[in-house]
Amino acid sequence: MLRTTLIASSALLPGAHTVWAQTAPATAKDNTMQLTQEWDKVFPKSPKVDHQKVTFKNRYGITLAGDLYLPKNRGAKRLPALAVGGPFGAVKEQSSGLYAQIMAERGFATLAFDGSFTGESGGEPRNVASPDINTEDFSAAVDYLGLHAAVDRERIGIIGICGWGGMALNATAVDKRIKAVVASTMYDMTRVMSKGYFDSVTLEQRTQLLEQLSRQRWVDAEKGSPAYQPAYNTQPAADAPQFVKDYYDYYGTKRGYHKRAVNSGNAWTQTTPLSFMNMPILSYIKEISPRPLLLVHGENAHSRYFSETAYAAAAEPKQLLIVKGASHVDLYDRVDKIPLDAISSFFDKHLA
């Protein structure tokens with residue numbers, strides 16, 4: 001998740017107004033699936049794993065690009081596996097790849113992937129999101145893992161980070177092949193886009209935004225291509241909320257910047273929020289049970305209430321792990337704060 005989603009979806013908070021920019025994203029181009037082969041991640045390559053670029057199709061025929069990580073000392077035994085996605089607007093060269101590589105070091109076959117229409121994955125137009133298609137992307141990653149010779153298809157779990165944490169929970173509820181799920185620093189994108197932060201958007205504000213988005217469709221249809229929102233995570237103002245500064249510190253600096261990420265100075269289409277506005281993806285969270293769920297969130301994260309609400313709505317077995325002193329973005333890449341031992345132990349137990 002990122003600060004500009006507030007503008008795109010629900011940003012009509014008290015004293016705020018919505019401003020649209022007619023700018024095309026830096027990543028808008030013909031996506032021919034010629035995958036980058038050099039190591040262009042924002043984290044160093046581990047000598048403990050084998051890495052391979054892969055592609056696979058989802059149920060809608062969109063070709064997805066992924067990074068497959070396998071432990072070097074895996075032997076001939078089939079491995080438990082994890083599909084890893086997120087954050088919302090990020091690419092596999094960022095947080096999801098870091099999580100995937102670390103979990104591969106710990107004995108799992110892992111697949112970090114770019115969602116449809118983003119990064120190196122296929123789909124046109126570029127930089128558009130869908131709660132349905134992005135949920136399907138997780139199941140497509142499970143398809144790929146389940147057909148891989150190194151994987152035990154009866155021991156597949158998933159990890160969703162930030163906005164893809166909500167997608168992961170939704171995917172697990174509907175896809176019974178997924179045996180365990182971790183959502184780290186989770187956002188429910190349908191909730192924040194339809195209701196704003198802390199559910200603060202009024203019906204009048206929501207209606208005004210939907211009127212604007214609906215009319216934007218005429219503009220896009222007439223032009224034959226979508227308009228895009230303002231660039232995401234540019235240098236924030238001095239008086240910006242701390243979480244906005246935190247997003248820039250990750251996506252806008254050497255720490256986490258990646259040219260293909262929507263969040264790193266690119267943008268979603270203006271009408272991306274439409275399909276999120278009336279589709280609560282966590283409606284069936286109870287149906288994850290009896291499979292286990294682990295929610296991980298920072299003590300100081302502005303988004304903590306998303307995990308707390310999800311935890312309350314979920315059925316057993318479930319666990320909510322609050323990381324002392326951590327912010328939302330800390331759990332993207334601060335390996336001293338991400339509870340990697342707890343996540344690894346969770347999957348060791350439940351994918352045994």
Worksheet entry | Heavy-atom pair of closest approach, residues V296 and P339 | CG1-CG, 3.5 Å
Discussion item. Would you call the rings of Y197 and Y187 parallel, tilted or perpendicular, taking 30° and 60° as the class edges?
Written reply: perpendicular
Fill in: Hydrophobic cluster identity match, I158 and L340, side-chain contacts under 4.5 Å
yes
Worksheet item: Do the side chain of S327 and the main chain of N300 share a donor and acceptor less than 3.5 angstrom apart?
Response: no
Worksheet entry | Check: A227 main-chain N/O paired with D220 side-chain donor or acceptor under 3.5 Å | yes
Worksheet item: Which atom names give the shortest non-hydrogen contact between S303 and H328, and what distance separates them?
Response: OG-ND1, 2.5 Å
Response to the item:
L64 and G115 have their tightest heavy-atom pair at CD2-C, 4.2 Å
Discussion item. Could you walk me through whether E93 and K259 satisfy the side-chain contact (heavy atoms from CB on, under 4.5 Å) test, starting with their C-alpha distance in whole Å, then the side-chain angles of each, then the deciding distance to 0.1 Å, before giving a yes or no?
Written reply: CA-CA 10 Å; E93 288 76 19; K259 64 182 180 181; over 6 Å; no
Discussion item. Quick one: does any side-chain atom of D249 pair with a main-chain N or O of K245 as donor and acceptor, under 3.5 Å?
Written reply: no
Worksheet item: Of all heavy-atom pairs between S96 and V84, which one has the smallest distance, and what is that distance?
Response: O-CG1, 3.6 Å
Worksheet item: Are any of the side-chain heavy atoms of I281 and M167 separated by less than 4.5 Å?
Response: yes
Discussion item. Determine whether the aromatic ring centres of residues F306 and H297 are separated by less than 6.0 angstrom.
Written reply: no
Item to complete: For atom CZ of R153, decide whether the heavy atoms of other residues, nucleotides or ligands shown that lie under 6.0 angstrom number more than 12.
Response: no
Item to complete: Please work out whether the ring planes of Y69 and H51 are parallel, tilted or perpendicular, with thresholds of 30° and 60°.
Response: tilted
Discussion item. Between K77 and D152 (salt bridge meaning N to carboxylate O under 4.0 Å), is one present in this structure?
Written reply: no
Item to complete: Enter the distance from S225:OG to E124:CD here, rounded to the nearest 0.5 Å.
Response: 11.0 Å
Discussion item. For a quick test of reading the model, state the closest non-hydrogen atom pair linking S121 to D114 and the distance between them.
Written reply: OG-O, 2.7 Å
Discussion item. Just checking E222: does its CD atom have more than 12 heavy atoms from other residues, nucleotides or ligands closer to it than 6.0 angstrom?
Written reply: no
Fill in: R217 atom CZ: more than 12 heavy-atom contacts under 6.0 Å
no
Response to the item:
Smallest heavy-atom separation, P131 atom then M279 atom, equals CG-SD, 3.5 Å
Item to complete: Give the cluster check for L321 versus L293: same hydrophobic cluster or not, with ILVMFWY residues linked at side-chain heavy-atom distances below 4.5 Å.
Response: yes
Fill in: Rounded distance [0.5 Å steps], CZ in R74 versus CG in D50
5.0 Å
Discussion item. If we ignore hydrogens and angles and just use 3.5 Å, is the side chain of Q270 paired with the main-chain N or O of Q229 as donor and acceptor?
Written reply: no
Discussion item. If hydrophobic clusters are built by linking Ile, Leu, Val, Met, Phe, Trp and Tyr wherever their side-chain heavy atoms come under 4.5 Å apart, do V91 and Y99 end up in the same one?
Written reply: no
Worksheet item: Nearest 0.5 Å, what's the CG-CG distance between L210 and N278?
Response: 8.0 Å
Practice prompt. Apply side-chain contact (heavy atoms from CB on, under 4.5 Å) to the pair Y250 and S95, showing each step before the final yes or no.
Written response: CA-CA 10 Å; Y250 182 76; S95 299; 3.4 Å; yes
Discussion item. Please determine whether side chain to side chain donor-acceptor pair (under 3.5 Å) holds for the pair D132 and Y60, giving the CA-CA distance in whole Å, both sets of side-chain angles, and the decisive distance to 0.1 Å.
Written reply: CA-CA 11 Å; D132 175 40; Y60 296 106; 2.5 Å; yes
Discussion item. Nearest 0.5 Å, please: how far is CE in M186 from CG in L320?
Written reply: 9.5 Å
Discussion item. Measuring from atom CD of E136 to atom CD1 of I133, what distance do you get when rounded to the nearest 0.5 angstrom?
Written reply: 9.0 Å
Worksheet entry | Result of checking H258, K41, R260 against Q94 for side chain to side chain contact (heavy atoms under 4.5 Å, CB included) | H258
Worksheet item: Would a hydrophobic clustering, with Ile, Leu, Val, Met, Phe, Trp and Tyr connected at side-chain separations under 4.5 Å, put L68 with L147?
Response: no
Worksheet entry | Stepwise side-chain contact (heavy atoms from CB on, under 4.5 Å) check, F56 with D143 | CA-CA 9 Å; F56 54 98; D143 293 343; over 6 Å; no
Worksheet item: Hey, mind stepping through I156 and I178 against side-chain contact (heavy atoms from CB on, under 4.5 Å) and telling me if it holds?
Response: CA-CA 6 Å; I156 298 176; I178 300 168; 5.5 Å; no
Practice prompt. Evaluate the ring planes of Y247 and H302, with Trp represented by its six-membered ring, and classify them as parallel (under 30°), tilted (30 to 60°) or perpendicular (over 60°).
Written response: perpendicular
Practice prompt. Return the set of residues passing side-chain hydrogen bond (donor to acceptor under 3.5 Å, both in side chains) with S264 (not counting sequence neighbours), or none when no residue passes.
Written response: none
Worksheet item: side chain to side chain contact (heavy atoms under 4.5 Å, CB included) with I159: which of W164, F138, F347, F108?
Response: F347
Discussion item. Using 0.5 Å steps for rounding, measure from the CZ atom of R155 to the CG atom of L82.
Written reply: 11.0 Å
Worksheet item: Any chance OH of Y284 has more than 12 other-residue heavy atoms, nucleotides or ligands included, within less than 6.0 Å?
Response: no
Worksheet item: Just wondering, are more than 12 heavy atoms of other shown residues or ligands nearer than 6.0 Å to NZ in K53?
Response: yes
Fill in: Cluster link V244 to Y251, ILVMFWY, side chain under 4.5 Å
yes
